[in-house]
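Everything numeric here is computed off the predicted structure, so don't read it as measured data.
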Amino acid sequence: MLAYRSGIFPMADSRDDPDIFWIEPRLRAIIPLDGLHVSHSLARTLRRNRFTVTCNEAFSMVMDACAAPRPARSQDECLDDDDDEGGSWISHRIQRSYENLHRLGLAHSIECWRESADGTARELVGGLYGVGFDRAFCGESMFSTTSDSSKVALCWLVAAMRRGGATLLDCQFMTPHLASLGAQELPQKDYLKLLQAAQSGEPGDQFAALSPSGAGTGSVSTASSTGSASEGALSLPDAFAALLEDAAAAGLSSSPGKLIAQALTQTS
């Protein structure tokens with residue numbers, strides 16, 4: 001956690017690699033929480049509730065899927081930049097560490113499920129996981145076995161972060177897929193300013209920390225269409241639960257994806 005709070009993250013050379021090395025990239029990718037690109041087709045998928053979306057229901061299953069060889073995943077829908085079709089940077093040792101962080105309430109997953117026709121069974125078809133603290137979430141990896149499932153998980157993540165008062169979504173490395181979703185690349189030194197602002201406890205726009213007069217402070221309200229600015233950020237599970245409560249209050253308890261689509265397309 002000290003490494004994450006310092007802008008550093010772990011990787012391994014292969015699934016069975018017993019060693020861990022630490023990465024501090026010169027360029028960092030983030031997704032602005034008011035800048036996620038939601039296509040018309042993706043918004044339609046959200047509104048139709050094509051998938052059942054949950055939070056923290058299957059953390060280890062999501063990690064297993066993210067660590068699977070690339071042919072088992074959609075190559076265009078990965079937060080990580082793993083080009084080795086036969087392996088993964090998510091080693092068994094790393095996975096055990098993140099599973100422990102999950103038990104401690106510091107690592108979270110969002111899952112997309114496809115329900116059977118009779119509603120008696122469901123299949124995990126997409127999801128993502130990462131580390132959350134203060135007003136930041138560091139996305140580690142995502143997977144998809146069917147079209148749009150990981151994108152839907154990302155939409156729910158962004159909506160929950162906005163609802164909870166978060167300011168920084170870290171994606172580590174830029175990829176063409178992330179760029180198509182609205183990710184931006186910035187120097188590590190600027191990322192560290194945003195990270196410091198996210199840990200400062202002050203409500204703020206994620207780019208206010210980069211202004212000459214407000215470096216590291218962040219002074220703009222985080223109020224969004226799905227929630228108002230607050231003194232402290234909600235954890236991802238609490239923010240996810242708040243979204244479901246908002247959907248129920250709006251009469252959308254059976255189709256919460258409509259709320260997500262409305263919230264994100266207003267700023268996309």
Side-chain angles (χ1 to χ4, degrees), residues 4 7 9 23 25-39 41-43 45-46 53 55 62 66 74 76-82 107-110 112 126-144 148-188 190-199 204-210 218 220 222 224-227 233-234 236 239-240 243 260-268:
Y4 273 102
F9 55 88
I23 306 296
R26 287 178 292 180
L27 295 174
R28 200 72 173 237
I30 66 168
I31 293 181
L33 296 182
D34 62 352
L36 180 68
H37 291 173
V38 180
S39 66
S41 62
L42 179 55
T45 296
L46 286 165
V53 184
C55 179
V62 170
C66 288
S74 169
D76 291 334
E77 298 196 5
C78 297
L79 279 171
D80 54 289
D81 197 24
D82 176 15
H108 308 290
S109 60
I110 290 182
C112 282
L128 58 84
Y129 77 94
V131 175
F133 53 93
D134 298 324
R135 296 176 184 273
F137 187 85
C138 299
E140 285 297 311
S141 189
M142 60 199 300
F143 83 98
S144 175
D148 282 347
S149 58
S150 66
K151 293 178 183 177
V152 168
L154 181 62
C155 286
W156 275 81
L157 172 65
V158 170
M161 291 181 66
R162 290 175 54 188
R163 178 61 175 86
T167 59
L168 178 62
L169 174 52
D170 168 35
C171 300
Q172 299 180 350
F173 299 112
M174 179 65 83
T175 67
H177 178 63
L178 287 176
S180 72
L181 293 170
Q184 298 183 15
E185 193 171 58
L186 66 163
Q188 175 75 356
D190 288 341
Y191 169 79
L192 291 176
K193 292 177 182 177
L194 297 179
L195 182 61
Q196 179 185 1
Q199 297 179 74
D205 178 84
Q206 71 180 157
F207 291 111
L210 301 183
V220 181
T222 57
S224 74
S225 58
T226 57
L234 298 176
L236 181 62
F240 189 94
L243 281 178
I260 305 301
Q262 178 183 2
L264 296 181
T265 54
Q266 286 178 348
T267 56
S268 299

Requested in this report: List the steps and the verdict of side chain to side chain contact (heavy atoms under 4.5 Å, CB included) for Asp170 and Arg28.
Outcome: CA-CA 8 Å; Asp170 168 35; Arg28 200 72 173 237; 3.0 Å; yes
What's the shortest heavy-atom distance between [X] and [Y], and which atoms?
X      : Y      : value
Leu186 : Leu194 : CD1-CD1, 3.8 Å
Phe137 : Tyr129 : CZ-C, 4.2 Å
Ser149 : Phe143 : OG-O, 4.5 Å
Cys55  : Leu236 : SG-CG, 4.3 Å
Cys155 : Leu42  : SG-CD2, 3.7 Å
Tyr191 : Cys138 : OH-SG, 4.1 Å

Using 0.5 Å steps for rounding, measure from the [atom1] atom of [X] to the [atom2] atom of [Y].
X      : Y      : atom1 : atom2 : value
Lys151 : Leu128 : NZ    : CG    : 14.0 Å
Leu195 : Thr167 : CG    : OG1   : 9.0 Å
Glu185 : Thr175 : CD    : OG1   : 10.0 Å
His177 : Ser144 : NE2   : OG    : 8.5 Å
Ser41  : Asp148 : OG    : CG    : 5.5 Å
Leu178 : Met142 : CG    : CE    : 7.5 Å

Requested in this report: Using only heavy-atom distances, determine whether the side chains of Arg26 and Gln188 contain a donor-acceptor pair under 3.5 Å.
Outcome: no
Query - Donor-acceptor contact present, side-chain Glu140 to main-chain Phe9, <3.5 Å - result: no
Query raised in the report: Between the side chain of Arg135 and the main-chain N/O of Gly165, is any donor-acceptor distance below 3.5 Å?
Result: yes
Report task. Evaluate the side chain to side chain contact (heavy atoms under 4.5 Å, CB included) criterion for residues Leu264 and Arg162: first the C-alpha distance (whole Å), next the side-chain angles of each, then the deciding distance (0.1 Å), finally the verdict. Result -> CA-CA 10 Å; Leu264 296 181; Arg162 290 175 54 188; 3.5 Å; yes
Query - side chain to side chain contact (heavy atoms under 4.5 Å, CB included) assessment of Trp156 paired with Leu46 - result: CA-CA 9 Å; Trp156 275 81; Leu46 286 165; 4.2 Å; yes
Report task. Let me know which of Ile31, Ile110, Val38 forms a side-chain contact (heavy atoms from CB on, under 4.5 Å) with Leu154. Result -> Ile31
